[in-house]
Amino acid sequence: MVVKLDKIFNSASNSVFRDKSVLQANYSPETIPHRDKEIEQVAAILAPCLKGEKTSNLFVYGNTGTGKTLSVQYVKNELLKRAGSSPSGLRIEYLNCKLKKIADTEYRILAELIKKLGGEVPATGLPTDSVYNKFIELIDKEKQILILILDEVDQAVKKISDNFLYNLTRLNSELTKTQICLVGISNDLRFLDDLDPRVKSSLSEEEIIFPPYNALQLQDILRGRAEKAFHKNIIEGGVIEKCAAFAAREHGDARRALDLLRVAGEIADRSGDKKIKLRHIDLANNKIERDKILDVIESEPKQFQLVLMAIFELAEKNEKMFTGDVYKVYREFCKKVNIEVLTQRRVSSIISEFDMLGLINARNLSRGTYGKTREIRSAIPKEIEEHAKIILRDAIFV
DNA sequence: AGGTATTCACATGAAACTATTCTCTGAGTTAGG
DNA sequence: TAACTCAGAGAATAGTTTCATGTGAATACCTGT
């Protein structure tokens, strides 16, 4: 036993990493390669705020991991650095609208902003308009320019409806001293299309699109980070290229590439290897994929897990199944573990959500006289499915 | 044979309901002066 | 009389139920040849 622990601890001190945080999601590098043009554009649009003028509202688009957030944050910091010396009254607040329980409703977004500006709002109990008033009161105390960066607004709009954006744009007319500028960041390129035209026109005064990174650019990024993250000569030839190639396939997602490299490093550490080899990348890719799926399954509420279990159960016999089948099996499971049975309507939505999460593939299918339904099949690889079942069993039969 | 109608088994949407957590307000209660 | 307590009304939110309406194609049912 002791020997084993020795080995583990040794490998910890003998890591391939010099500074792992460089590869973690929240790390912000001082240079952002291949985004000069975009950063300049953002800066040019927001520059007037340094002179105390209102800037145009801005919308930033691009797939995940294309450096949107990073670039905007970078510009934000530069602006604040420059504004710091002069009493220009510039405030820039960044808010990620996807954060559950923090900023995923109109009320909470406002509350969070108020909190960032030094106010205090209870989590619930107040009507939304009084929170608006409080917000107005808070920011309109002194003359200032307020830039609100709303990351992943598409998520918020999907959940709340777009009139909260409308309210925000309209806010300027109620403010006497302060001016608000909005910077929206979205992963969804079609997001603008199904937005209320009023909101659309006022919000997208300026638009910047972040194209995906190509494999060569990803290699650059990876090399830059790897240099800081790992000790010298740790990475074998071809590893960076392979990481980049994997991520380039995933719509040029740099975050994915960095994750891949980090996990590969962790795997190398754990297996006691002194170098990161090509096969570590494959292992890392599997691990990331697996962890993602298993995390989702584990964190799902009980009812969802029961439905999923029903799907797995059926998937064992037949590859594909229909909603009605799933519901029947689900109901049996519920009775077995003494949990209330949800309506078929609800289960149908749950199935839809699984489809969105990519845990299953569902497609609408008409079977003529035998009705219209959804054809469902598990989208989880067999190896993982076994593991997933164990997790489900543990979670349900506690 | 070719065309229309029916019918199934759900999908999809909207609204309403439930339970929980929290605020606000005003009535009633208490303790000290 | 000021301070305190406590119940009730109202909000926000998540997760659901209820009600209503929609739907694609296999099959049944015609219809004229």
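Lettering of chains follows the sequences in order, A, B, ..., and the numbering in each one begins at 1.
Atom CD of A:Gln344 and atom P of C:dC19 are 16 Å apart (whole Å). The interatomic distance linking A:Lys302 (NZ) with C:dG15 (P) rounds to 15 Å, in whole Å. Between the CG atom of A:Leu342 and the C1' atom of C:dT17 there is a distance of 10 Å, rounded to whole Å.
Taking the side chain as every heavy atom from C-beta outward, A:Lys37 and A:Glu40 never approach each other to under 4.5 Å.
Taken to the nearest 0.5 Å, the OH atom of A:Tyr213 stands 10.0 Å off from the CG atom of A:Asp253. From A:Leu79, atom CG reaches atom CG of A:Leu50 across 5.0 Å, with rounding to the nearest 0.5 Å. How far CD of A:Gln219 is from CG of A:Leu216: 5.5 Å, rounded to the nearest 0.5 Å.
Between A:Glu174 and A:Arg170 there is a salt bridge, since a side-chain N of the basic residue sits under 4.0 Å from a carboxylate O of the acidic one. A:Lys242 has a carboxylate O that lies under 4.0 Å from a charged side-chain N of A:Asp282, or vice versa, which qualifies the two as a salt bridge. Salt bridge annotation for A:Lys292-A:Asp259: absent, with no cationic side-chain nitrogen under 4.0 angstrom from a carboxylate oxygen.
DNA chain B lies under 4.0 Å from at least one heavy atom of each of the following residues of residues 346-368 of chain A: A:Ser348, A:Asn364, A:Arg367, A:Gly368. Residues of residues 304-341 of chain A having a heavy atom closer than 4.0 Å to DNA chain B, listed by number: A:Thr323, A:Gly324.
A cation-pi geometry, defined here as NZ or CZ lying under 6.0 Å from the six-membered ring centre and within 45° of its normal, holds between A:Arg367 and A:Phe322. No cation-pi contact links A:Arg262 to A:Phe17, judged by a cut-off of 6.0 Å to the six-membered ring centre and 45° from its axis.
Nearest heavy-atom pair across A:Ile185 and A:Val72 is CD1-CG2, 4.0 Å.
Side-chain atoms of A:Asn361 never come within 3.5 Å of backbone atoms of A:Arg377 as a donor-acceptor pair (strictly under, hydrogens ignored).
Put simply, chain A comes within 4.0 Å of DNA chain B, heavy atom to any atom, from B:dC8 to B:dC24, going 5' to 3'.
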Dump every N/O contact between nucleotides 11-13 of chain C and the protein below 3.5 Å, one line per pair.
{"unit_1": "C:dA12", "atom_1": "OP1", "unit_2": "A:Thr128", "atom_2": "N", "d": "2.8"}
{"unit_1": "C:dA12", "atom_1": "OP1", "unit_2": "A:Thr128", "atom_2": "OG1", "d": "2.6"}
{"unit_1": "C:dT13", "atom_1": "OP1", "unit_2": "A:Thr105", "atom_2": "OG1", "d": "2.3"}
{"unit_1": "C:dT13", "atom_1": "O3'", "unit_2": "A:Arg108", "atom_2": "NH2", "d": "3.3"}

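Every residue was checked against the side chain to side chain donor-acceptor pair (under 3.5 Å) condition with A:Ser204, not counting sequence neighbours, and none meets it. Applying the salt bridge (charged side-chain N to carboxylate O under 4.0 Å, His left out) test to A:Arg198 and every residue at least two apart in sequence or in another chain returns A:Asp196.
Contacts of A:Thr369 with the nucleic acid, taken as non-hydrogen atoms under 4.0 Å apart, include base atoms.
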